[in-house]
Amino acid sequence: MGRFAQGEKPKDAKKTLLRLVRSFAPEKKLIAALLTVVTVGCICSVAAPSFQSSAIDQIKDGAYDRLPRYLLLMLAAYLIYGGCTLLQGLAAGRLSQRIVRRMRDDLFRKVINLPVKYLDSHPHGDIMSRMTNDVENISNIIAQSVSSLVSGVLMVLGTVGMMLWYCWQLAILSCLTVVLTLLVTKLLSKIMRKLFRTRQQLLGELNGMVEEKVVAYRTVTAYNQQEAAVAQFQETSDRLRVTGILSESIGGSMGPLMNCISNIAFVIIAAFGGYFSIHGMISVGVISAFIIYAKQFSRPINELANLYAQIQTAIAGAERVYAIMDERSEDKSGDRSMAASSGVVSFRNVDFSYIPGKQVLYDFGLEVRAGQKVALVGATGSGKTTVVNLLMRFYDIDSGEILIDGVNIRDIGAEELRRNIAIVLQDTVLFSDTIRNNLKYPDRNASDSDMEEAAELSGCAGMIARLPEGYDTLLTEGGGNLSQGQRQLLSICRAFLAKPKILILDEATSSVDTRTEKSIQDAMVNLMKDRTSLIIAHRLSTIQDADLIVVMDQGRIVETGGHEELLERRGRYYELYMTQFAGNQI
C-alpha cells in the first residue's frame with residue numbers, strides 16, 4: 001500500500017486552495033451574511049479601544065461628567081462584538097457543513113462511477129480515508145479559519161488605520177514586528193507542508209491496512225499471523241507517529257513564536273509611547289489604546305499561525321480528494337438498445353492485458369448461441385474471469401471486438417448492457433438491509449408477487465419463510481447471519497428478479513457442501529432456462545451437461561466440445577477431469 005502513498009503527485013497548495021475557495025460559490029447568501037456579521041464585529045472591536053482611550057483621558061483631565069457616555073459606548077461596542085462573534089461561529093459552522101456535505105456527496109458519486117480498474121488498483125482503505133479523514137479535516141478548517149481570515153484582514157486594516165490616525169510614528173514602530181512574523185512563517189511553512197502531506201499519506205496507508213486485516217481476520221487467525229499483523233501495523237503506525245510528532249511540534253511552535261513577537265511589540269509601545277507622551281505628542285489614553293490595538297493587530301496573525309498546521313492538513317486532504325475527483329469516470333457511452341436482443345455473444349480476435357506488456361488473453365474467439373449454456377474451464381490464471389470482466393465492460397479490450405447480436409458492446413450503453421446481464425458470483429455480496437431490499441436491488445420497482453415467484457423458482461422461498469421476519473429480516477454485513485448456501489440462493493433469486501437475457505455464473509457452487517450444491521444447482525437450472533449462460537467452474541461435475549465446454553490455458557482456447565467428446569480426446573480437459581476425480585491414476 002505504501003507504493004500508492006509514495007506515488008502521490010507533488011503538492012500544489014495554491015492551485016488546491018483556489019479550487020477549494022471556488023467551492024464556496026453556491027453559498028453566496030450565507031457568505032454575505034457571514035461577512036456582514038464579521039464586518040460589524042470588527043468595527044465594534046476597533047471602536048472600543050478608542051472609547052476606552054477617551055474615557056481614560058476624561059479621568060486624567062477630571063472631566064467626570066463626560067465619562068459615563070464613553071463608558072456606555074465602550075460597553076455597547078463590546079456587547080455587540082460579543083454577539084457578532086457568536087453569530088460568526090454559527091454561520092461559519094453552517095457554511096462548513098454545507099460545503100463539506102456537497103463535497104462528500106460529489107466524492108461518493110465519483111467513487112461509485114469510477115472504472116473498476118481504478119478500484120482494483122488502489123487500496124480501498126486509502127479511498128475510505130479520503131472520504132472520511134480528509135473531508136473531515138477540510139470541514140474543521142473551514143469552520144475555524146474562514147471567518148478568522150475575513151475578520152483578520154478587516155481587523156488588521158481597521159487597527160492600522162486607527163494607529164496611524166492617533167500617532168503614525170508609533171504605528172510604524174509597532175508594525176516592524178510584522179516583518180519578523182512573516183519571516184518566521186515563511187521559514188516554517190515549507191517544512192510543514194511536506195510533513196503534513198506525508199502524514200495524510202501514511203494515515204491513508206494505515207487505514208488501508210486496518211481495513212484489509214479486518215476483512216481477512218479469519219485468515220490471519222487461521223494461520224496464527226496475529227503477531228505479524230500487529231508488527232506490520234506498528235511499523236506503519238510508528239512512521240505515522242514520528243511524522244505526526246514532527247508536524248505537530250513544528251506546527252505548535254508557530255503560536256508561541258507569534259506570541260513572543262507580539263510581546264516585543266508591547267515593549268516597543270511602552271518604551272516609545274512613554275517617550276512620546278512625555279514630549280506631549282500623545283496622551284496617556286492613546287498609549288492604552290495602542291496596547292489594545294497592538295494586541296488586536298497581532299491576534300489575527302497569531303490565530304492564522306496557530307491554524308496554519310490545520311490549514312496545511314486541510315489542503316493536503318483537499319488535494320487527495322480532488323485527485324479522485326479528477327480521475328476519469330467510467331465510460332458508459334453507447335446508444336444501442338438490447339430490447340430485442342436474443343443473447344447471441346461473440347468474441348472475435350480479442351487481445352487484452354491488465355498491465356501493458358503482460359498480456360492475459362491472446363486472439364480469443366468464441367461464439368455463444370442464444371439460449372446456449374457454455375462453460376469456461378481451466379487452471380487458475382487461465383483467463384476465465386477476464387472474459388466476464390470484458391463482457392461486462394469492466395475493462396476495455398486492447399484489440400478485437402465483442403458483439404451481442406452483432407452489435408459491438410462499445411455501442412451499447414454500459415447501463416443498458418448490465419441491465420440485461422446478471423452475475424452470480426462465488427463470493428456472494430449482500431447488503432446490510434432487509435432480504436426484500438436485497439432481492440429487489442436490480443429493480444427497486446419490482447412487485448412483491450414477482451419477488452415471491454423468483455423465490456419459488458430459485459428454491460429459497462421456504463428458507464425465507466422460516467426466518468423470523470420473513471422478507472423483512474434484516475441481514476448483517478455481508479449476510480453474516482445466514483449460511484453460505486442461503487446467501488447463494490438469495491443471490492440466485494436476485495438474478496431471477498433481474499430477468500436477464502445473459503447469465504454469468506462464476507464459481508457459484510465452489511464454496512458450499514455437496515448437499516447444498518445440489519439445491520443450488522437445481523435453482524441454477526431453472527435460472528439458466530431459455531437464457532444464454534456463461535459458466536465459470538473449477539468443479540467439472542457441475543458443467544457436464546453444458547452445451548459447450550471451452551478449455552482455456554494461459555489466455556488461449558485449447559479445446560472446445562461436449563463433456564464426453566473432450567474426455568475421449570484425452571487432452572487438456574481430460575487431464576483436468578482426471579486430476580479432480582482420479583488424481584492417483586495420472
Side-chain angles (χ1 to χ4, degrees), residues 8-45 81 83-113 127 129-158 185 189 192-193 196-197 200 251 254 299-327 329:
E8 295 280 347
K9 295 180 179 180
K11 188 179 182 70
D12 188 343
K14 291 182 180 178
K15 181 180 178 181
T16 303
L17 187 59
L18 287 173
R19 186 170 178 178
L20 190 59
V21 170
R22 285 197 293 270
S23 66
F24 287 34
E27 305 298 338
K28 292 178 182 178
K29 292 183 179 179
L30 185 56
I31 292 174
L34 177 61
L35 290 177
T36 300
V37 171
V38 169
T39 301
V40 172
C42 288
I43 291 172
C44 291
S45 181
Y81 172 72
C84 288
T85 301
L86 176 62
L87 294 175
Q88 176 181 322
L90 295 174
R94 190 169 186 177
L95 175 65
S96 72
Q97 290 305 311
R98 284 187 177 182
I99 292 173
V100 169
R101 179 187 180 277
R102 189 167 57 251
M103 178 179 289
R104 189 179 284 116
D105 288 348
D106 291 343
L107 179 59
F108 185 74
R109 184 175 292 107
K110 184 69 178 186
V111 170
I112 288 296
N113 287 284
I127 295 175
S129 179
R130 299 182 193 216
M131 192 84 186
T132 54
N133 294 327
D134 292 327
V135 173
E136 191 62 29
N137 286 332
I138 296 170
S139 172
N140 291 337
I141 202 59
I142 291 176
Q144 296 179 35
S145 67
V146 169
S147 56
S148 296
L149 285 169
V150 176
S151 64
V153 171
L154 294 177
M155 189 71 74
V156 167
L157 292 176
T185 303
S189 63
M192 291 170 61
R193 188 177 297 116
F196 280 101
R197 182 176 70 248
Q200 290 304 106
M254 293 288 285
R299 186 181 65 196
I301 299 175
N302 290 345
E303 287 178 352
L304 292 178
N306 289 327
L307 285 171
Y308 194 79
Q310 296 179 41
I311 292 173
Q312 291 301 313
T313 300
I315 293 176
E319 187 179 48
R320 283 161 50 81
V321 169
Y322 290 138
I324 293 183
M325 298 289 287
D326 292 338
E327 289 287 336
S329 296

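Numbers here are sequence positions counted from 1.
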Worked verdict on R22 versus L18 for side-chain contact (heavy atoms from CB on, under 4.5 Å) | CA-CA 6 Å; R22 285 197 293 270; L18 287 173; 4.1 Å; yes
Could you tell me which non-hydrogen atom of [X] sits nearest to which non-hydrogen atom of [Y], and how far apart they are?
{"X": "C42", "Y": "L154", "value": "SG-CB, 3.7 Å"}
{"X": "T16", "Y": "A318", "value": "CG2-CB, 3.7 Å"}
{"X": "I138", "Y": "M103", "value": "CD1-SD, 3.6 Å"}
{"X": "C84", "Y": "V37", "value": "O-CG1, 3.1 Å"}
{"X": "G41", "Y": "Y81", "value": "O-CD1, 3.1 Å"}
{"X": "L34", "Y": "A92", "value": "CD1-N, 4.2 Å"}

Measure the spacing between [atom1] of [X] and [atom2] of [Y] and express it to the nearest 0.5 Å.
{"X": "Q97", "Y": "R94", "atom1": "CD", "atom2": "CZ", "result": "11.5 Å"}
{"X": "L17", "Y": "I315", "atom1": "CG", "atom2": "CD1", "result": "4.5 Å"}
{"X": "I127", "Y": "T132", "atom1": "CD1", "atom2": "OG1", "result": "11.5 Å"}
{"X": "E319", "Y": "L20", "atom1": "CD", "atom2": "CG", "result": "12.0 Å"}
{"X": "I324", "Y": "F108", "atom1": "CD1", "atom2": "CZ", "result": "12.0 Å"}
{"X": "F24", "Y": "I31", "atom1": "CZ", "atom2": "CD1", "result": "6.5 Å"}

Run the numbers on R130 and V135 for side-chain contact (heavy atoms from CB on, under 4.5 Å), then give the verdict.
-> CA-CA 6 Å; R130 299 182 193 216; V135 173; over 6 Å; no
Can we say D105 and R102 salt-bridge, meaning some charged N sits less than 4.0 Å from an Asp/Glu carboxylate O?
->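 The answer is no: the pair does not qualify as a salt bridge.
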Salt bridge between R19 and D326, side-chain N to carboxylate O under 4.0 Å?
->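 Yes.
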Pairs satisfying salt bridge (charged side-chain N to carboxylate O under 4.0 Å, His left out), at least one member in residues 142-153, at least two apart |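 Matches after skipping sequence neighbours: none remain.
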Residue pairs passing the salt bridge (charged side-chain N to carboxylate O under 4.0 Å, His left out) test where at least one lies in residues 133-143, sequence neighbours excluded |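 As it turns out, the salt bridge (charged side-chain N to carboxylate O under 4.0 Å, His left out) pairs with a partner in residues 133-143, which skip direct neighbours, are R104-E136, D134-R320.
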Quick one: do Y322 and E327 satisfy side-chain contact (heavy atoms from CB on, under 4.5 Å)? Show the steps, please.
-> CA-CA 9 Å; Y322 290 138; E327 289 287 336; over 6 Å; no
